[in-house]
Structures are given as C-alpha cells and as structure tokens.
Amino acid sequence: MEVSAKYNPAEIEDKWYAYWMDHRLFHSEPDEREPYTIVIPPPNVTGVLHMGHMLNNTIQDVLVRRARMQGKNACWVPGTDHASIATEARVVAKLAGEGIRKSDLSREQFVEQAWEWTRKHGGIILEQLKKLGASCDWDRVNFTMNEAYSRSVIRVFVDLFNKGKIYRGVRMVNWDPKALTAVSDEEVVHKEVQGTLYYIRYKIKESTSATGDDYCVVATTRPETIMGDTAVAIHPNDPKNARLRGKTVIVPLINREVPIIEDEYIDIEFGTGCLKVTPAHDVNDYLLGEKHCLEAIDVFNDDGTLSEKAQLYVGQDRFAVREQIVKDLDAAGLLEKTERYAHNVGFSERTDVAIEPKLSMQWFVKMGELAEPALEAMMNNEVMLHPAKFKNTYRHWMETIKDWCISRQLWWGHRIPAWYLPDGRFVVAADAADALKQAKALTKNKSLTETDLQQDGDCLDTWFSSWLWPIAVFDPEVPGSGEDVDPNIDLQYYYPTSDLVTAPEILFFWVARMLMAGYEWAGGYPFKNVYLTGIVRDKAGRKMSKSLGNSPDPLTLIERYGADGVRMGMLLTSPAGNDLPFDEALCEQGRNFCNKIWNAFRLLNGWQADSSLPQPAHSAQAGEWFRQVLRKAAADIDDDFSKYRLSEALMALYKLFWDDFCAWYLEIIKPPAGQAIDQKTLDTARLFFDYLMRLLHPFMPFISEEIWQHLNPRRDGESLMTQPQPYADSFDDSCLARFEVIRQAIAAIRTIRQMRSIAPKEPLALYVKGEADAHLFPLLQKMANLSVIVPGTPEGGCNVASFLVGTTEFLVPLGAKINLDDERLKLQADLEYQQKFVASVKHKLSNTGFVQNAPEQVIALERKKQADGEARIKAIEEQLKTL
RNA sequence: GGGAGUUUAGCUCAGCUGGUUUAGAGCAUCUGCCUUACAAGCAGAGGGUCGGGGGUUCGAAUCCCUCAACUCCCACCA
C-alpha cells in the first residue's frame with residue numbers, strides 16, 4: 001500500500017462519508033438497545049453554515065459518535081426551520097430585485113414564491129453539515145413547514161385555545177415597521193442611542209397671563225408623536241407644577257385641547273416633571289391612558305409613516321417628521337430648548353429598525369401555567385444545564401414571564417386557524433370544514449358556507465412551531481385527538497432525548513418553550529441535558545457575524561485544514577458556556593495533529609516484522625507502561641465526558657497521542673535504521689494504535705477511520721464508527737510513577753548534552769547513586785544513548801555532571817567536555833533553591849499552630865519534604881566538594 | 001436601574017469541597033538540530049508575588065468583605 005508523506009484530508013473525507021452513507025451507518029431504528037438521541041437545533045431553511053453552526057454541530061457529532069461506540073442506539077435527527085420573518089424578508093428582497101413588491105402579489109402567489117425559494121436554497125446548510133462529518137440520520141430530515149409537522153402546530157394551537165390558554169386582544173405590541181409585523185419581546189434588542197430631549201411648550205388654555213404666554217413645558221424624545229397626545233401628566237405631589245392642576249393645555253401645531261392629569265407614575269425630577277401622554281405610542285402612556293380613560297390616537301401607519309389621524313405630515317416617515325416638527329415648533333416659538341440625551345431604544349432583531357410600540361389586535365399565549373413545570377424541571381435538576389450558572393438567569397426569566405405574542409403579520413408560516421364570521425365573532429378549528437361546523441352551531445344558521453368565513457390573515461411566530469421540535473420530529477400526530485390510541489413507537493423510544501446542544505442566546509426563545517411543550521403534550525421533559533455553547537468571536541472579541549464580515553467561511557476552512565482539523569480547532573478552546581475566541585491557528589493545530597497521526601501510522605506501517613527476533617527488554621517495558629497509560633487516559637476521558645468537558649478530553653487525547661505514544665512509546669520500540677522489528681512488539685503497537693483510533697474517533701472521525709481501516713483487513717461495511725469505545729478501567733499507578741522517574745532522568749541527560757553541545761549520537765556513561773528501579777534500565781539506556789549504567793559513583797569523582805530525580809542522584813562523567821566553573825555555578829544555584837525550600841518547610845513545621853492543627857498526613861508530608869530536601873542538599877554539597 | 005458571571009504565564013484556559021514539594025496545560029516565544037515517520041517536525045529552555053486592598057485560618061489562587069476593570073442577561077422613566 002502506498003501511503004503519501006502528507007495527510008490529504010479532502011479525498012479521504014469524501015470517501016469515508018460516502019462509505020458511511022452507503023452502509024446506512026447513521027440510520028437508527030428503535031430496537032432493544034438503550035437509545036441516545038439528539039435533535040439538531042434546526043437552522044434556518046435558507047441559511048448558510050456559519051461558525052456558530054460549526055461549533056454546535058461538532059459538539060453534537062462528538063456526543064453522538066461516542067454514544068454510538070458505547071453501544072447505544074444513537075439517533076441524531078436533522079432538519080430545518082422555516083424561520084418566518086427571516087425567510088419572508090429574503091423573499092421580499094429577492095422580489096424587490098425583480099421590481100416586484102409584496103403587495104403586487106396575492107397571498108397564494110407570495111407563498112408559492114417562498115416555497116420556490118425554500119426548494120432552491122433549503123437544505124444547502126444540511127449538505128454543508130455533511131462536509132463537517134455530521135453523523136445525522138438523513139432518513140429523518142424534518143422541516144417545521146412539512147405537512148405533518150404543520151398539522152401538529154395547528155392542533156397545538158387549537159388545543160391551547162380550547163384550554164383557554166390562547167386569547168386574542170388589543171395590546172401594545174412591538175411593531176417592526178420594516179417587516180410590517182409584530183414581534184415578541186424576545187425579538188427586541190435594546191441599544192443605547194445618543195438622542196435629544198426636546199422641551200416643548202404647551203399653552204395653558206385657562207391662562208390668566210396678560211400676554212397669554214403661559215406654558216407648561218414637556219420634555220420628550222419623540223416630538224413626532226405629539227399629534228397623538230391626549231393628556232399631559234404631572235405628579236400629584238409636585239409643588240412646582242401644582243398650578244397646572246385641573247387645567248387644560250393645548251397640543252402645539254394641531255391645537256387639540258387635552259387635560260392635565262395627575263399620576264404617581266410621573267417622575268418629578270425628570271425633565272420638567274410634565275409628561276406628554278400618547279397612549280397609542282408608548283407602553284407606559286398606554287397604561288396611563290387605560291387608567292385615566294384617555295383616547296388613544298394612532299398617528300402612524302404600519303410602515304412608520306404618519307397617518308391621516310396625525311393631521312400633519314401625513315405620509316412622511318417618522319424620523320423625517322421628527323426633524324421637521326422640531327423646526328416647525330421652533331419657528332412657532334414653542335421649542336424651549338434641547339438637550340443631548342442617551343437613552344435605550346428597542347430595535348428589531350431581524351431587521352434592525354427601531355421598534356414602534358403600537359396598539360394592535362394580536363394573539364397571545366398565557367404563559368403562567370405553562371412555565372411552572374418547565375421552571376420546576378430545571379430547579380430540581382430533572383433537566384441539567386451545563387454549565388449550571390445559567391440556572392439563575394433561567395429562573396429569573398421564568399418567574400417574571402409575560403404572555404407570548406404569537407401572531408405575526410406575515411404570509412410565510414403557519415396561518416392562524418381562526419375563522420371570522422360575518423358578524424365579527426370567530427371560531428378556532430383545525431381546518432375550514434370544522435370551522436364551518438362550529439360556525440353553524442354558534443350562529444344556529446345552517447345556510448352558512450365556507451365563503452362566509454374569513455380566515456385570520458396572520459401567521460404564527462416561528463418559535464410556536466419549533467417549540468414542538470423534539471416531539472414532532474418523532475410523532476407529528478401529537479397532541480392527539482384523543483381518538484388515536486396507537487402509541488407512536490418512535491416517540492416512545494426516542495423521547496425524551498438525551499442531550500440538547502445550543503447557544504445561550506436562545507435559552508428563552510427555544511429551550512424554555514420546548515420544556516413547556518414537553519410537559520404539556522409529551523408527558524415530560526424533552527431532553528435530559530442542555531449543553532450551552534459559547535458564542536464564537538473573532539480575535540478582537542467581537543461576535544462573528546455576516547454584517548461585520550469577520551467570520552471565516554467554514555467550507556474554506558475545511559478545504560484548507562480538513563474537517564478533522566477544523567473540528568479540533570473548534571473544540572480546543574470551547575469549554576461549555578465559554579465564548580470561543582476563534583483563531584485559524586487553532587485549525588492549523590488541528591491539521592498538524594492530523595499530520596502527526598498520519599506520520600505515526602506511516603512509521604508503524606513501514607516496519608518489517610521478523611518473527612525470529614526476540615522482543616527487546618526495552619520494548620517489553622514500554623508496552624507494560626503504555627498499557628497503563630491508555631487505561632488511565634480512558635478513565636480520564638470518561639470523567640471529562642461525564643462533566644461535558646469536551647475540550648479537556650480532546651486535549652488529554654492530544655497529549656496522549658503526541659507525547660506519550662509518539663515521543664515516548666514509538667521512539668522506544670523503534671528498531672535501528674534499516675532493521676526489522678520483532679513480531680510481538682509490532683503486534684502490540686498495532687493494538688495500541690487501534691485503541692487510540694477508537695478514543696479519537698468521536699473527535700476526528702475521518703482520519704481515525706482511514707487508519708483503522710488500514711491497520712487490519714476489514715470486511716465491507718465494517719467501520720470504526722460502530723466499534724466499541726474503550727471504557728474506563730483500573731490502572732497501575734506505581735508503574736506510571738516508576739516510568740516517570742526514568743523519563744525525567746532521560747530528559748535531564750538530554751539537557752546535559754544540549755548545554756554542553758554533546759551530540760545525541762555520542763554514547764555516555766551513567767552512574768546511579770541511591771534508589772532506582774533497575775528494571776527499567778534497558779529503556780533508559782536506549783533513550784539516553786548510554787554505553788553503561790553503573791551503580792555508585794565514578795572513580796576520581798571530578799569532571800562529572802550530576803542531577804537529582806527525587807532523592808536519587810545521577811552522575812554523568814564527561815571528562816574534558818566539562819567546564820568546572822559552569823558546573824559549580826549550576827550546583828550553587830540548585831543548592832540555593834533547595835536551601836530556600838527546606839527553610840520554608842522548616843518554618844512551617846516550627847509553627848506550633850500548624851503542628852497542632854493540621855491533619856497528620858499533611859504534617860508527615862511536610863516532614864518528608866524536609867528530609868528529602870536535606871538529602872538533596874547533602875548530595876549537592878558532596879558533589880561540590882569533589883569538583 | 002436590577003441580576004449573573006469573569007479577572008491565574010504574551011494568548012486561550014485548568015486548578016477553587018482550603019494543605020500531594022516554591023501554581024499546571026496547549027499555543028506562542030527563545031536556544032540547538034533538515035537525527036532515514038513527521039521542519040505541519042525533533043530535543044531543550046525561559047516565562048506568573050493567581051486584578052488591587054483588607055479579613056478568617058496554623059495554612060488562601062481556593063472561603064468572607066471591599067474596590068477596580070471587563071462580559072452577559074433582564075428592564076418601557078418620557
């Protein structure tokens with residue numbers, strides 16, 4: 001077999017992904033094994049893969065592959081989300097490019113356009129995931145707008161409505177004037193903006209001033225809303241505005257007479273203590289309006305331009321009007337002054353335009369009862385959050401949860417299943433036929449037809465469908481009609497899922513709501529563990545985003561470093577919940593690791609075995625040692641996984657392979673150039689390599705499969721993917737400790753060579769004074785290139801370099817190569833260090849408080865430190881004397 | 001405005017139920033090597049008074065208080 005000198009990922013990755021697919025190794029069906037399930041956080045159907053997806057899906061794949069190798073029936077369900085606002089916005093933009101406005105099309109035409117767009121772009125992201133190596137069950141791809149899934153969404157709506165948990169009402173909502181829809185509180189991002197506070201004069205009608213110039217001054221950031229003013233409010237205990245009580249003021253420009261009202265809500269200290277009240281355009285004003293029975297005058301159109309009701313500036317944009325009205329007020333002598341003022345303004349998460357608080361008729365879900373079990377689950381650890389620090393935030397949100405506005409004034413999505421009767425009443429039903437039946441019953445009018453009913457024009461919030469994801473991907477018939485008695489096998493087997501991997505930003509949007517849906521319709525929690533990833537940031541700490549253009553293209557990265565390399569790069573610095581400061585250097589490290597693995601394999605692969613050769617002692621020793629190293633590693637990695645510490649598990653594996661296996665084990669057993677290796681050692685080494693590939697596979701599936709397939713002849717269809725994962729086992733600590741002494745001695749001898757420019761090829765002699773494990777001397781001899789190892793001290797004593805490991809003294813005679821002054825300096829420095837150390841230990845031991853209070857073990861340890869230290873000092877002093 | 005979190009080597013992070021030599025890892029840096037698996041490499045080395053201050057304790061990176069800086073979440077003061 002020809003094996004190239006450099007690892008070439010592209011070819012190998014495509015080959016094995018196709019092989020896994022051809023043999024349906026990702027597919028899962030319910031059976032008698034323990035299930036392990038993950039549902040993918042469905043990306044936007046028309047989205048493209050970004051770094052956040054890369055991180056998120058790498059983690060999921062690691063978990064799924066490991067579970068699969070542990071003998072579980074692993075199922076990772078992929079799919080996409082219809083993402084109503086985002087997708088609709090894209091379709092609108094695409095049409096705009098063709099000179100078509102959304103309003104030019106009928107609803108049906110527009111929806112057909114959106115479907116076409118979805119068919120064309122949908123699923124691209126799933127193809128990209130395959131490049132990453134994602135072992136999803138591609139037979140189970142789902143979509144939140146699939147027919148079956150959609151029926152589930154509608155049934156859920158009807159069910160909630162029948163339970164009295166959905167209501168319709170006029171409320172102040174967050175209006176997005178660009179997307180022309182209401183959005184939920186969670187979709188509003190508050191940003192601080194530098195604005196202006198305008199002080200505007202409202203003339204007092206009852207003024208007794210001779211000149212008639214008696215004003216009350218109101219401070220506002222939104223002068224363009226004054227046409228909607230229906231009162232001016234003051235605090236009842238505000239002495240400086242007491243004169244205004246019971247008066248009437250005149251709204252500037254439009255000359256509407258409005259009353260002065262009194263309310264404790266008013267902050268006396270802010271501005272002038274007078275608040276203009278615009279019930280239609282501010283949430284607080286709305287509440288004040290309700291309380292004081294004020295009229296709400298909506299002066300805006302849906303697109304943020306001024307409406308007929310404003311009387312002035314009709315048709316102009318709200319921000320243009322702001323500028324203009326300030327000029328007009330000033331010209332009329334009604335602008336007292338302006339101040340710069342920083343305040344928070346809500347922006348739409350999707351379109352980034354300023355949200356307009358707006359009164360409108362919307363649908364809401366009552367959240368109180370739904371939230372209870374979802375909160376409880378997290379608090380009593382029925383569902384575990386990793387890391388747990390997000391629990392507080394979660395609790396706070398759930399305890400103060402508000403009703404959920406679920407209607408969106410969009411066409412792309414699940415249409416609200418409510419039908420209006422000619423008389424304005426409405427019915428909620430799963431379909432038009434049922435709606436008609438209900439309508440007839442309601443009106444007692446048998447001659448009603450479907451054309452008499454008008455379905456609500458709004459769509460449901462995207463999250464109103466994705467909160468059913470862990471249920472609906474297995475059984476879209478949930479919630480059942482009550483008549484359906486067949487339990488769904490898939491739902492029974494796979495639900496609840498095991499781990500959910502997602503970003504903390506959607507803890508409320510999605511995670512919390514899935515929990516609610518799980519308890520409401522599937523009888524329990526939807527997942528046992530929630531792993532929250534961090535946010536992928538660039539080197540400057542900025543969040544990676546399309547708009548900033550600071551995100552590398554994932555597919556380019558994969559081309560450059562290989563999927564395994566990129567996977568490793570993503571995972572190296574991403575402990576759960578920590579942001580990931582992404583740096584391409586990490587992928588480079590991943591690629592280098594692949595290359596290292598590849599070359600280790602080439603070395604092993606190139607060895608010729610000679611069965612007549614006996615196994616050298618050093619190789620046998622290395623085998624004994626490395627067997628223990630592997631056992632310990634498997635235990636450590638198990639422990640890391642149990643705590644969801646994937647980065648640490650991978651780092652442990654990295655060091656295991658690179659340092660322990662390559663730098664030590666392979667170097668020890670490596671036969672002299674051009675010579676054969678004994679059969680036993682080669683067999684053992686292959687076995688170790690096999691074991692290492694199993695540990696590595698969840699992280700780096702491609703290279704591990706490639707090598708595993710080369711290690712031994714395999715049957716068609718056989719794959720490392722389904723081989724057992726090594727499990728934690730006991731290991732011999734003392735064996736590891738004995739090797740450690742020898743390893744340190746070897747390193748020390750190498751340092752001696754380096755400091756004195758002695759070539760590694762030149763053999764040296766070594767004297768050992770004190771306790772040492774002679775069993776490992778052959779290994780020491782090979783690795784340090786020693787001609788002999790002799791107990792005791794060399795004759796004559798001088799011209800010796802020495803070092804200590806523990807309390808054992810090692811001496812290397814160097815003859816003329818040694819510079820006695822340098823040696824003395826080195827020993828002096830060492831002596832000083834040891835003396836300081838012993839002094840500090842002694843100090844501790846002379847503290848009566850310590851001796852009396854510290855546990856015996858701790859004191860014994862300190863005594864040993866002292867004894868060891870003193871022994872070392874003695875050895876160094878003797879060495880100094882002989883020089 | 002409220003809440004949570006972070007602060008340990010140049011960078012990214014472990015360590016934090018207080019005591020396993022005078023705090024660890026990876027990367028980066030420096031030195032010497034193209035040694036026949038790998039220069040995407042090998043062998044070495046240097047680098048931190050654990051954000052500042054105070055306290056508890058025989059003993060603090062680890063517990064408490066305080067100050068500072070940064071981050072995130074929540075929040076409608078015009």
Side-chain angles (χ1 to χ4, degrees), chain A residues 3 5-7 172 185 190 197 218-222 233 265-267 269-272 274-278 282-287 341 343-344 346 357 387 389-394 396-397 400 504-505 507-508 535 539 541 561 565 572-575 577-581 583 585-586 588-589 591-607 645 647-648 651-652 654-655 658 662-663 666-667 670 673-674 747 750-755 757 759-761 806 833 836-838 840-841 844 847-855 857-859 861-862 864-866 868-869:
Chain A
V3 181
K6 285 232 155 72
Y7 177 61
M172 186 62 85
D185 291 343
H190 290 271
L197 197 54
V218 164
T220 180
T221 54
R222 303 209 53 196
Y265 162 77
I266 310 305
D267 180 351
E269 302 306 316
F270 191 92
T272 58
C274 295
L275 170 73
K276 74 185 208 54
V277 184
T278 324
D282 184 280
V283 180
N284 294 304
D285 291 14
Y286 173 70
L287 296 173
Y341 179 63
H343 61 130
N344 280 323
K389 67 178 177 184
F390 288 100
K391 263 170 85 168
N392 282 335
T393 321
Y394 179 85
H396 184 254
W397 189 77
T400 57
E505 345 170 68
L507 186 58
F508 307 129
I535 294 165
K539 272 192 270 188
Y561 302 104
L572 270 178
T573 58
S574 51
N578 271 32
D579 284 359
L580 182 146
D583 188 336
L586 294 166
E588 204 175 310
Q589 196 182 344
R591 179 200 61 185
N592 293 354
F593 187 40
C594 288
N595 209 240
K596 185 71 185 177
I597 297 166
W598 186 245
N599 279 295
F601 170 66
R602 284 178 61 219
L603 175 67
L604 185 85
N605 195 49
W607 283 336
R645 295 162 69 144
S647 293
E648 298 209 0
M651 183 50 75
Y654 178 75
K655 287 188 275 191
W658 201 306
C662 293
L666 289 181
E667 289 298 335
K670 194 187 214 174
R750 285 171 177 169
T751 308
I752 286 171
R753 287 179 188 274
Q754 162 123 350
M755 293 302 184
S757 301
K761 280 181 186 162
Y833 177 91
K836 265 192 190 164
F837 170 64
V838 169
S840 85
V841 175
K844 205 172 193 179
N847 182 336
T848 49
F850 173 71
V851 181
Q852 277 163 19
N853 296 313
Q857 282 170 305
V858 176
I859 296 171
L861 190 71
E862 292 300 318
K864 181 166 188 311
K865 281 189 208 169
Q866 184 184 350
D868 288 358

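A, B, ... follow the sequence lines: proteins, then strands. Residue 1 opens every chain. Below, each value reflects all heavy atoms present in this structure, side chains not excepted, and no hydrogens, waters or symmetry copies.
- Taking the side chain of Ala673(A) as heavy atoms from C-beta on, and the options U36(B), A14(B), C74(B), the nearest nucleotide is U36(B).
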Extract from the structure each pairing of a protein N or O with an N or O of nucleotides 59-65 of chain B at less than 3.5 Å, listing the distance.
none

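- Atom-to-atom distance recorded for Ile597(A):CD1 and Trp658(A):CH2 is 9.0 Å, nearest 0.5 angstrom.
- Within 4.0 Å (heavy atoms only), Leu861(A) reaches sugar-phosphate atoms of the nucleic acid but no base atom.
- By the 4.5 Å heavy-atom criterion applied to side chains, Cys274(A) and Val218(A) are counted as neighbours.
- Counting non-hydrogen atoms under 4.0 angstrom, Lys761(A) reaches nothing in the nucleic acid.
- Distance CD1 (Ile535(A)) to C1' (C72(B)): 8 Å, rounded to an integer number of Å.
- Among the heavy atoms of the strands, none lies under 4.0 Å from Tyr286(A).
- Here the closest heavy-atom approach between residue Tyr561(A) and residue Arg591(A) is recorded as O-CB, 3.9 Å.
- When the nucleotides C77(B), U36(B), U22(B) are ranked by their closest atom to the side chain of Asp267(A), C77(B) comes out on top.
- Scanning both residues, Leu572(A) and Met651(A), for their nearest heavy atoms gives CD2-CE, 3.7 Å.
- Side-chain contact between Trp397(A) and Leu507(A) is absent, with no heavy-atom pair separated by less than 4.5 Å.
- Nucleic acid contact class of Ala747(A) (heavy atoms, under 4.0 Å, all strands): sugar-phosphate only.
- A distance of about 14 Å separates the C1' atoms of G48(B) and G15(B), rounded to the whole Å.
- Here the P atom of nucleotide G44(B) and the CD1 atom of Ile752(A) are 12 Å apart, to the nearest Å.
- Checking Arg602(A) against Asn605(A) by side-chain atom types alone, no donor-acceptor pair falls below 3.5 Å.
- Protein atom CZ of Arg602(A) is 14 Å distant from nucleotide atom P of G41(B), rounded to whole Å.
- In this structure, Ile266(A) reaches the bases: a heavy-atom distance under 4.0 Å links it to at least one base atom across the strands shown.
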Check nucleotides 30-32 of chain B for protein N or O atoms closer than 3.5 Å to its own N or O atoms and list the pairs.
residue	atom	partner	partner atom	Å
U31(B)	O2	Gln754(A)	NE2	2.9

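- Between Tyr265(A) and C76(B) there is no side-chain N or O to OP1 or OP2 distance below 4.0 Å.
- Stacking of the aromatic ring of Trp598(A) onto the base of C38(B) is not found under the criterion of centres within 5.5 Å and planes under 30°.
- Here the side chain of Pro855(A) is nearest to one of G19(B), U12(B), A37(B), namely G19(B).
- Distance from the side chain of Glu648(A) is smallest to A14(B) among A78(B), G26(B), A14(B).
- Nucleic acid contact for Ala663(A): sugar-phosphate only, since backbone atoms but no base atoms lie under 4.0 Å from a heavy atom of the residue.
- For Asn284(A), whose side chain is taken as the heavy atoms from C-beta onward, the closest listed nucleotide among C76(B), G26(B), C38(B) is C76(B).
- For the OP1/OP2 pair of C38(B) and a distance below 4.0 Å, the side-chain nitrogens and oxygens of Tyr7(A) include no atom meeting the criterion.
- A donor-acceptor contact under 3.5 angstrom links the side-chain atoms of Arg591(A) to the base of A40(B).
- Side-chain atoms of Lys670(A) and Leu603(A), non-hydrogen and from C-beta on, do get closer than 4.5 Å to each other.
- Within the structure, every side-chain polar atom (N or O) of Lys6(A) is placed at least 4.0 Å from both OP1 and OP2 of A37(B).
- Listed by chain and residue number, nothing satisfies the ring-ring contact (aromatic ring centres under 6.0 Å, His included) test with Trp607(A) (two or more places apart in sequence, or in another chain).
- Note on Tyr654(A): only backbone sugar-phosphate atoms sit closer than 4.0 angstrom, heavy atoms only; bases stay farther off.
- Between the base of A37(B) and the side chain of Glu667(A) there is a donor-acceptor pair shorter than 3.5 Å.
- With sequence neighbours left out, Tyr394(A) forms a ring-ring contact (aromatic ring centres under 6.0 Å, His included) with no residue at all.
- In this model, the phosphate group of G41(B) is approached by a side-chain N or O of Asn592(A) to a distance below 4.0 Å at OP1 or OP2.
- Contact between the side-chain N/O atoms of Thr751(A) and the OP1/OP2 oxygens of A45(B) is found at a separation under 4.0 Å.
- With C77(B), G44(B), A37(B) as the candidates, the nucleotide lying closest to the side chain of Asn344(A) is C77(B).
- Asn853(A) contributes atom CG, which lies 9.0 Å from atom OG1 of Thr848(A) (distance to the nearest 0.5 angstrom).
- Summarising the geometry, the separation between CD on Gln852(A) and P on C58(B) is reported as 10 Å, rounded to the nearest angstrom.
- For Thr221(A) against Leu197(A), the heavy-atom pair with the smallest separation is CG2-CD1, 3.7 Å.
- Residues passing the ring-ring contact (aromatic ring centres under 6.0 Å, His included) test with Phe270(A) are Tyr341(A), sequence neighbours excluded.
- Residue contacts for Lys864(A): at a heavy-atom cut-off of 4.0 Å it reaches no nucleic acid atom on any strand shown.
- Residue-level contact check: Arg753(A) touches neither bases nor backbone, having no heavy atom under 4.0 Å from any strand.
- You'll find that the side chain of Trp658(A) is closest to G41(B), out of G41(B), C76(B), A37(B).
- A residue-by-residue look at Thr848(A) and Leu603(A) shows that Leu603(A) has its nearest nucleotide of RNA chain B further toward the 5' end.
- Side-chain nitrogen and oxygen atoms of Lys596(A) include none within less than 4.0 Å of the OP1 or OP2 phosphate oxygen of A37(B).
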If you write RNA chain B from 5' to 3' in dot-bracket form, with Watson-Crick or G-U pairs under 3.5 Å, [ ] for crossing pairs and | for pairs with another strand, what do you get? ((((((((.[[[[.)...(....]]]].(((((.......))))).....[[[[[..)....]]]]])))))))....
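- The distance from atom CG of Leu275(A) to atom CG of Asp282(A), rounded to the nearest 0.5 Å, is 7.5 Å.
- Among C58(B), G44(B), C13(B), the nucleotide with an atom closest to any side-chain atom of Arg750(A) is G44(B).
- Closest contact between the side chain of Phe508(A) and the listed nucleotides A78(B), A43(B), C74(B) involves C74(B).
- Backbone-only engagement by Pro581(A) is indicated by non-hydrogen atom pairs under 4.0 Å involving sugar-phosphate atoms exclusively.
- In this structure the side chain of Asp868(A) never reaches within 4.5 angstrom of the side chain of Lys865(A), judged on heavy atoms.
- Within the model, atoms CD of Gln866(A) and NZ of Lys844(A) stand 12.5 Å from one another, a figure rounded to the nearest 0.5 Å.
- For Lys389(A), the listed nucleotide lying nearest its side chain is G5(B); candidates were C38(B), U12(B), G5(B).
- Residue-to-nucleotide proximity on RNA chain B shows that, of Glu505(A) and Gly674(A), the 5′-proximal contact is made by Gly674(A).
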